[in-house]
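Order of the sequence lines sets the chain letters (A, B, ...), proteins ahead of strands, with each chain counted from 1. Side-chain atoms are counted along with the backbone in the values below, which use heavy atoms only and exclude waters and symmetry mates.
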Amino acid sequence: DPRRAPNERDLIMAMTDAEGDGMMDYFDQAFLKNWAGPEHWKLRKVVRKPEATDNAAPKPRKEKKEAFKIDFLTPAEKDLKTRAKELFAPVTRGAGINLPGTSGTKGGTSTRKGSRGKRAKEKEEKKDEHTLPDDMHFSSRQLITLFLKPEFSLRMRGQHMSLNDRGDGDVDENFWAQAA
Amino acid sequence: MPARTLSSLEEISSSIPKIFDQAQVSTANHQKNYVALYKLHLEASKHTEPINKGRTVKHVGQKAFEDVVVEMTSRLLPLKKGTTVADRIVKFIGGYVRFMNEKVLEERKKNGGDADEYDDTPASRFASRMLKFLLKGFLAKDKNVRYRVVQILAEVVSHMGELDEDLYTQIRESLLDRLRDKEPFVRVQAVIGLAKLYGTEDPADLEDGEPPVVEVLLDTLAHDPSGDVRRAVLVNVHINQATLSYILARSRDTDAIIRKLFYTLLESNCVPPDDSNGLGITDPRVLSIAQRELIVRNGLGDREPSVRSAAAKLIVTWLEVVGEKMEGDEPAKEVIAFLRLFDLAETGIAEDALRSVFASRVDIFDNVEFGDQYWADLTPEKAFLARVFVDHCISTKDDARLESALPVVTLLAFRIQSTYNDLMEQIQDDEEQKFLRGEDHEDDEERARKEDERMDKEFVIGEMLRLAVNLDYADEIGRRKMFQLVRDMISQETLPESLLSRCLDVLRKLSPNERDLIRLVVEVVHELRDPEMEEKEASAGDDGETTYAETPMTVRTVRAAPKPPSEMTPEEKAQADAIDLRCLALCIGMLERVNGTFEENSTLEGILGELIIPAVKRKELALREKGLVSLGLCCLIARRMALNSFQLFLSQVQSAPELLKIRVLQIIFDILMVHDRDFLGNEGVAGDRIIEFLLQIWGNEESEKVQALMCVGIAKLMLSGMVTDERVLKSLVFAYVSPETAGNQELRQCLSYFFPVYCYSSPANQRRMQKIFIPIFEELSQVYKELDDDREMISPANVVAMFVDWTDPQKAVAVRGQAADDKIHFDMATEIVRTLYSKDMEKDEKKVLCQSLSKLYIPDVVDDDQIRTLKLLMHNLASRRPLKDTTANNALTRFDAAISKKFEKQLEDFDEEQYRELESLKELFEFLDDIIPESDEDEQDTPVPKKRATRKRRSQSVASTATAETTDREESATPSAENSRKGKGKKRARLSTETDTDSNATEEIPSRAMPARTARTKAKSKVAAQQADRDESTPEPPSRKRASKKAEEARLDEEIDGLLDGDEPDSIMDSDEDEEEEVGELLEAE
DNA sequence: CCCAGACAGCTACACATT
DNA sequence: AATGTGTAGCTGTCCGGT
């Protein structure tokens, strides 16, 4: 019976323990950033790699980058008009100077005049608001307490059971303390 | 004009580059160079040529000057963003424009302020020449050019006074157009430019249908995909009443930097820029309560620490702004003023704000004092401050300050009492007034004021009660006083409902043990329902523990027979119902706070039979709901009762209205949590049935609230290990990603939290997750492919990434005494490679799987058999089912190489032929031999090397990185002799059947048993129900008989009666030995 | 057939931390 | 102030479309 194995439950208990803070910290760091649901999910790298693999090597290069300067002094090889033409060369046909999905620029893009055809309903769709959902602040609390008795957690239940198994009718004052 | 002042144009032209060359090095020389440049500019202006027969002049000098500057400018255009020298030049150009304009203004002042010459100055000519030049680059191919051009234009525009109208329009259009640029940094500059522009925009100038720039910017603020761009809008847009609401929406931006900026922005605008005496635009008093609450809730609740601290700073500023000029009389004055910003009754927000202030301004915390005077006249704010202060001391374990802050018990009890009496008096007065003057005579204003007053008193009492829980009750006199007071309060039906649970909290604290608390509440209930008894009971209740323990429970015997309901007038009935509701609330409050068994507290029996059970039978929703909750709470402490009543609760689920359904489900889950062994243990069918039933309810549920509740409940059961069923886990995953639940944040955020906790808390759980990976992946890929256009769902690649993350053994927490299972990813790799043999899997999906391989954690030590199996699978894949996709192939090859290298030792001398002898791997080879290479007809796009194989080649060593790309082409022409021998003809038949299933899973995976089509349809509509739905053995829901409402009620009554009559109340309590079997029977009976 | 979009890996920068 | 980490932007490669 896997339920009897001293695994999951012990951990849940540990999270509520005073000493379990470290555990909670681990969970916090590891994944609480991914609270907002699958669409905002991101892979986070494994944290600890305490093995002292190698050091001393990647230190000694602090090569300052070449002090770049714009050359204003040497006269231009070509005249201004030519340079402007080159610099301001419009995109080769059909290119995307603009974001996809936005109607094109008069000069530059591939937007054909009658392109309303297939992808006409771009605007209708709700644009992404780029906002996070309201945070419900889900935590271990909701997962280890009862719905109807929010002050009692699994941990207490465990104690209760064991007390009951002893046939001991009364609970000790410690119990009250924990209920608070 | 003397000739010597007229420098030659060549001279001028050659001096300009030197200025630019200097200007790029540092901004320190800019001021000096403005002067120098301007001097050259003026000098050049003197070179003119007459045209039109001398009627006008041609500004050849200016033209030359402009040419050179434009030429200089052109040199920095191709430089990419972040080049500091170029940025300096941009600043220099902008600065020069400003410099010129200032000069022009000076000139004008001197000349008496001619306004009409603006378009004919060297300055205006220069600027417009520059702008026209820049505009030409707006559509350049080179993104850097576009960036620089817009950047310089924005800079120039912001430093210009007036602007020619045509040019203005053109700039406006062009910038708006660049707002759609592909490159975010170009858009950023466009935003900056537009922000400089729109201050001068006149709405009257707009053509029809053309939106004002502000509107466009606000749209960008919300919708631009790049955070940088939204950020640019945020810092550049003017904050005012019109834009504020759009700005406030950014407190939820996906980008943390924006959120942080949001709070610093609000902070810096709290005070007006010029020290005028008005309020800043974001002064908290200017904002609405709702806005303030939004800011605090989002800010202090943010997941990003940096955002939280920015919000905390803002809140401190609020306090300072609001508390200004209030210092003096009372140290708490500014805090009180600060608290007035909030609706204190709104849960948690004001408390969070105050605690945040305590945390960041310790001096404020230290200066709060609670003298006797403080308690004299408590306002809601003062009461709230005291209570939160105490709570804060407790949570920070600041015993010293706690000691000094807490009032003595008698004082507080007295205060509570007097406020309570005031409240009662007022309520009574109001009633009388209403009665005397009639309903309508009071004007709304007066009524609202009274209502507020009452609410305030109620709130103050509530806070004092919350504080009372933390008092030191060593003093017996005080203890009794408080006890008596609170006991009296709960025995009055006029006590506002909101104070009830506060009172019970105090009572619990004051009760020596649970039994006394239970007894006390039971007594109060009887008093309330039986007013005649009041006096007797009151005398008994006078004295807390001593008398209590000895007083025999005589209530039931003494109890006078109440009037039968049939003889009551409607008013009396309503009154009785109201009392019952109150009593039920008391019971619930009491039962919530105790955990002794029902059997130990025989006093509960009475109210169970007289109050709770009758309430459950009522058809009024409120009564029934409270009755069910009470019964449910009883079940939590009475195992036997739980067993007997469980069916009743189940039967209530389907037909109940939402609110009741939620309650009943909560009860069901709580009962399962508490009595797990009785319902879910013993590997009995009962547990399975319950699970299936719940899954089915879940899948068919429409209400988001109920869905979320069930999700939480099921997650709890799984996390606590009470349910280990893979189907349930699968359902949770489906629910997590299904488009159906996209809007159900409660559900999704619950699962966002649940999955990592579940997986990382136990390798066994990670294993379970690994087992469902492939089936889930296959099904979700299907769903994804057939997704409706308007529905959103994460990609299969994301699904894979999540699973890889969740099953990573390195992330599992090391729990004492439990060995980490670091082979999970290795086994996952093996399964993935097996899956790659599947013939009907699309290459996209295979690609995703292949690419995930590199992210798997491969342990250093793996058994010979396991590593050889994986190696063999990869080796054979290349020949029998070569991947058509190069990226996939590369990924696989790389993985193969990595594995081969890592386990070089174990794989050397590895020979397939020899390996085949191993009995333990029989299954592997059966699997492999059933795979035939795809025939030529199957190969539509990729030509497969001709298959010609010999036994010998098959037996060659596979230890080397045989699947390496180049050699692979030849190697892959090496199918096993087995395959060649068996021949295509024979295989053809098998391809469509066994091969297919075999290649997908070693064990029978339920999901594959169902036609994909069905699976998909289900997944679309009721994803969560998938597993349950397809299982034919799913039991009919208990109340499936869709009887008429009447019949339904009759049946319900019957059931409840059965609960009472069939089992005498006494027998609910006894615990026989044969309980376990009964759970099974319970569900069998249908 | 060529080009554009997409993607993966790399590098550099900025941030936070000790 | 220095270091380390995490992110973001850039660049090269490959697939798909016109």
**Report entry** Under 4.0 angstrom between R894(B) side-chain N/O and dA8(C) OP1 or OP2
**Finding:** no
Query raised in the report: Over how many whole Å does the gap from E183(B) atom CD to dG5(C) atom P extend?
Result: 11 Å
Requested in this report: Tell me what D228(B) touches on the nucleic acid: a base, only sugar-phosphate, or nothing, going by heavy atoms under 4.0 Å.
Outcome: sugar-phosphate
Requested in this report: Figure out the CG/C1' separation between D844(B) and dG16(D), and round it to whole Å.
Outcome: 12 Å
Requested in this report: Look at the side chain of S268(B) and the backbone N and O of T264(B), then say whether any donor-acceptor pair between them is shorter than 3.5 Å.
Outcome: yes
Report task. Would you kindly give the CG-to-C1' distance between N798(B) and dC7(C), to the nearest whole Å? Result -> 14 Å
Query raised in the report: Rounded to whole angstrom units, what separation is found between the CG atom of D885(B) and the C1' atom of dA8(C)?
Result: 13 Å
Report summary line: Separation between OG (S781(B)) and CD (E842(B)), nearest 0.5 Å, reads 9.0 Å
Requested in this report: Consider only side-chain N and O atoms of K313(B) and S360(B), and report whether a donor and an acceptor are under 3.5 Å apart.
Outcome: no
Query raised in the report: Of the candidate nucleotides dT7(D), dG5(C), dC10(D), which contains the atom at the shortest distance from the side chain of F185(B)?
Result: dC10(D)
Requested in this report: Compare all side-chain heavy atoms of L77(B) with those of D142(B) and state whether any distance is below 4.5 angstrom.
Outcome: no
**Report entry** Separation of dC3(C) C1' from K141(B) NZ (nearest whole Å)
**Finding:** 11 Å
Query raised in the report: For D885(B) and T887(B), does a side-chain donor sit closer than 3.5 Å to a side-chain acceptor?
Result: yes
**Report entry** Any side-chain heavy-atom pair of D840(B) and E778(B) under 4.5 Å
**Finding:** no
Query raised in the report: When Watson-Crick pairs (N1 to N3 and N6-O4 or O6-N4) and G-U wobble pairs (N1-O2 and O6-N3) count only below 3.5 Å on both distances, what is the dot-bracket string of DNA chain D, with | for other-strand pairs?
Result: ||||||||||||||.||.
Query raised in the report: Once you round it to whole Å, what is the distance between P of dT7(D) and CD1 of I258(B)?
Result: 16 Å
Query raised in the report: Do the side-chain N or O atoms of K843(B) get closer than 4.0 angstrom to the phosphate oxygens (OP1, OP2) of dG16(D)?
Result: yes
Requested in this report: Output the single nucleotide from dT7(D), dC7(C), dC10(D) whose closest atom is nearest the side chain of Q851(B).
Outcome: dC7(C)
Requested in this report: Compare all side-chain heavy atoms of D805(B) with those of Y760(B) and state whether any distance is below 4.5 angstrom.
Outcome: yes
Query raised in the report: Atom CD1 of I257(B) and atom P of dA14(C): how far apart are they, to the nearest Å?
Result: 12 Å
Query raised in the report: Do any side-chain nitrogens or oxygens of K260(B) fall under 4.0 Å of OP1 or OP2 in dA16(C)?
Result: yes
Requested in this report: To the nearest Å, give me how far apart CG (N890(B)) and C1' (dT13(D)) are.
Outcome: 10 Å
